[in-house]
Each structure stands twice: as C-alpha cells, then as structure tokens.
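Structure record follows, encoded as structure tokens.
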Amino acid sequence: MLVREAMTSPVVTVPPSATVRQAIRLLHEHDITAMPVVDDSGAMVGIVSDMDLLRGEFQADPRAFALPVAGPDEPPPRLVSDVMIRDVRTAQPTTDVAELAEMMLRTHIKSVPVLDDGRIVGMISRRDLIAVLARGDARIRDDVLAALAELLPNGHAWTAGVHEGEVRLSGPADEDARRIAETLTRTIPGVTRVVFQESA
C-alpha cells in the first residue's frame with residue numbers, strides 16, 4: 001500500500017508568523033495533532049505539533065500548592081516560528097506505507113508531511129495508519145475481489161477470505177497469476193498478509 005492511499009488531504013497549514021494561540025485554535029478546530037508551517041510562497045519551512053505549542057502555555061495554579069508559585073523566568077514563545085521544528089522528515093505519495101510506519105515507530109514521529117515535487121499534498125499520521133488497519137474484513141474482501149476481477153484475466157475465478165486483515169486467496173494454480181494476484185491484493189488498504197489456499 002502506498003502513502004497516497006492512506007494520507008489525509010487537503011492539508012491544514014500555518015504561517016510562521018501566526019501566534020501560538022492561533023495555531024492551537026487551528027489544531028483544535030480541525031482535530032489534528034500537527035501541521036506543516038509554510039512561507040508566503042507555500043514552501044514548507046517546518047512543522048509544528050500540539051506538544052510544541054503547549055510548551056510554556058500553562059502556569060501553575062496556586063490553589064494546587066501550599067506555597068505561592070513562582071512565575072517562569074522568561075515569557076513563553078509567542079509565534080509559531082519560535083516553536084516549530086525545522087528539520088522535518090517527509091514522505092512521497094509513492095512511499096510504501098510499511099516502510100513509513102517502521103520509520104515512525106523507530107523515531108517516535110507522529111505525523112509526516114507528504115511532498116510531491118516539493119509541494120505539500122498530504123499529511124500522514126499514526127491516526128491514518130490506525131484507520132487503515134481498522135477497516136472491516138468484509139470491506140477488504142470486497143475490495144480484493146473487485147481489484148482481481150478488474151485487473152486480472154479470468155479475475156472472477158478467484159475467491160478470497162479475510163480474517164483480521166489476513167487474506168486467503170484461492171484461484172488458478174499458475175505461478176504468474178498467483179504472483180500478480182498477491183501483488184494486487186497487497187495494494188488494498190487494510191491487508192496485512194496474503195496467503196494462498198488450494199481450491200476445494
């Protein structure tokens with residue numbers, strides 16, 4: 001499965017000149033956890049997440065402590081440019097989702113901008129990956145059978161069973177046909193594994 005099949009698009013962006021509070025409101029209104037920061041030309045110059053924006057925004061409530069609480073030594077950052085991350089990991093629409101998921105798990109990155117020729121075309125987050133895996137088995141089965149019927153000669157000869165994202169294919173014994181069927185099946189969102197079973 002490719003990133004373009006799982007990403008969220010269009011993308012909510014914010015300029016570096018926006019205030020932290022403006023950016024917080026954008027995240028809240030769109031129910032997202034991160035967004036690219038773009039300059040006046042639309043080029044990405046960074047990314048800002050909910051954690052970046054929350055830093056320094058809350059002050060201790062004196063009611064929670066027996067003694068008065070000292071304020072911070074410095075005022076919190078006021079602009080997105082003060083808190084954004086400038087070194088951004090990105091993906092392309094044709095990046096393999098499995099490869100991207102592995103990178104996100106390894107680096108603890110929650111959201112990745114998707115660029116096509118330098119233009120932001122999408123965002124992919126852990127939530128998007130969860131949504132792919134949450135697709136029901138019946139829907140996955142229907143999508144697999146539709147793809148095989150449309151793209152394979154004698155595609156209607158194939159049957160498929162799906163359990164927890166694992167697809168069990170049954171069809172022509174020809175090795176080339178099986179290889180193509182497996183490749184097509186792996187492109188379907190929600191498929192985690194493909195196995196073959198002999199026809200009854």
Side-chain angles (χ1 to χ4, degrees), residues 1-13 30-36 44 47 49-51 85 87-200:
M1 188 170 130
L2 304 179
V3 162
R4 68 181 176 220
E5 295 161 330
M7 69 185 189
T8 296
S9 183
V11 182
V12 178
T13 63
H30 293 277
D31 193 26
I32 54 178
T33 60
M35 56 190 165
M44 188 177 69
I47 191 170
S49 72
D50 49 8
M51 291 301 293
I85 304 299
D87 183 18
V88 184
R89 298 274 188 119
T90 63
Q92 295 180 337
T94 54
T95 299
D96 189 318
V97 165
E99 177 187 333
L100 180 67
E102 176 59 32
M103 183 275 286
M104 292 172 77
L105 289 170
R106 189 176 65 252
T107 59
H108 305 290
I109 292 174
K110 294 182 179 180
S111 299
V112 176
V114 182
L115 303 183
D116 189 9
D117 289 331
R119 294 181 305 107
I120 301 170
V121 295
M123 281 285 282
I124 189 159
S125 67
R126 292 181 189 178
R127 182 183 297 183
D128 294 317
L129 299 180
I130 291 294
V132 168
L133 294 176
R135 296 180 84 229
D137 288 342
R139 183 173 174 191
I140 294 171
R141 178 182 176 276
D142 290 345
D143 289 349
V144 167
L145 291 176
L148 295 178
E150 179 184 353
L151 299 170
L152 269 183
N154 200 23
H156 293 286
W158 289 89
T159 61
V162 183
H163 179 70
E164 298 292 323
E166 178 181 282
V167 179
R168 293 186 167 272
L169 290 176
S170 180
D174 174 71
E175 198 60 39
D176 287 339
R178 286 192 169 203
R179 181 177 45 77
I180 295 169
E182 179 179 5
T183 300
L184 286 173
T185 300
R186 288 187 183 281
T187 69
I188 303 300
V191 171
T192 58
R193 187 166 177 248
V194 180
V195 295
F196 289 94
Q197 59 186 15
E198 298 306 319
S199 302

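Atom set for the values below is all heavy atoms of this structure, side chains included, hydrogens, waters and symmetry mates excluded.
Listed here is the closest heavy atom pair of Ser111 and Met123: CB-CE, 3.7 Å. Taking every heavy atom of both residues into account, Asp137 and Gly165 meet most closely at OD1-N, 3.1 Å. Shortest non-hydrogen contact noted between Pro93 and Val114 is N-CG1, 3.5 Å. Of all the heavy atoms in Pro172 and Trp158, the pair that sits closest is CD-CE2, 3.3 Å. Across Ala6 and Val132, no two heavy atoms sit closer than the pair CB-CG2, 3.8 Å. Closest heavy-atom contact between Ile109 and Val112: CG2-CG2, 3.9 Å.
Taking 4.5 Å as the limit, some side-chain heavy atom of Arg127 sits within range of a side-chain heavy atom of Asp31. At a threshold of 4.5 Å between non-hydrogen side-chain atoms, the residues Leu129 and Ile124 count as touching. You'll find the side chain of His30 stays beyond 4.5 Å of the side chain of Thr8, heavy atoms only. With contacts defined as side-chain heavy-atom distances shorter than 4.5 Å, the pair Val195/Arg168 qualifies.
Atom CD of Glu166 sits in a crowded spot, with more than 12 heavy atoms from other residues, nucleotides or ligands closer than 6.0 Å. Atom CE of Met103 has more than 12 neighbouring heavy atoms from other residues, nucleotides or ligands inside a 6.0 Å radius.
Partner of Leu148 under the side-chain contact (heavy atoms from CB on, under 4.5 Å) criterion, chosen from Leu169, Ile180, Asn154: Leu169. Residue Glu102 forms a side-chain contact (heavy atoms from CB on, under 4.5 Å) with just one option from Glu99, Arg106, Met104, and that option is Arg106. Checked against Val191 for a side-chain contact (heavy atoms from CB on, under 4.5 Å), the options Val162, Leu184, Ile140 give a single hit: Ile140.
A distance of 5.0 Å separates CZ of Arg89 from OG1 of Thr107, quoted to the nearest 0.5 Å. For the atom pair CD of Glu5 and CG of Asp128, the computed distance is 13.0 Å after rounding to the nearest 0.5 Å. Rounding to the nearest 0.5 Å gives a distance of 8.5 Å between CG of Leu145 and OG1 of Thr185. In this structure, the separation between OG on Ser125 and CE on Met7 is 12.5 Å, given to the nearest 0.5 Å. Between Leu100 atom CG and Met1 atom CE the span is 10.0 Å, to the nearest 0.5 Å.
Using a 4.0 Å cut-off between charged side-chain N and carboxylate O, Asp50 and Lys110 make no salt bridge.
For Asp143, the salt bridge (Lys or Arg N to Asp or Glu O under 4.0 Å) partners at least two apart in sequence or on another chain are Arg135.
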Requested in this report: Using the salt bridge (Lys or Arg N to Asp or Glu O under 4.0 Å) rule, take Glu182 and Arg178 through it: C-alpha gap first, then chi angles, then the decisive distance, then the call.
Outcome: CA-CA 6 Å; Glu182 179 179 5; Arg178 286 192 169 203; over 6 Å; no
Report task. Could you walk me through whether Asp176 and Arg179 pass side chain to side chain contact (heavy atoms under 4.5 Å, CB included), step by step? Result -> CA-CA 5 Å; Asp176 287 339; Arg179 181 177 45 77; 3.5 Å; yes
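With hydrogens and angles ignored, the 3.5 Å screen pairs no side-chain donor or acceptor of Thr90 with any backbone N or O of Pro113. No donor-acceptor pair closer than 3.5 Å links the side chain of Thr95 to the backbone N or O of Val3.
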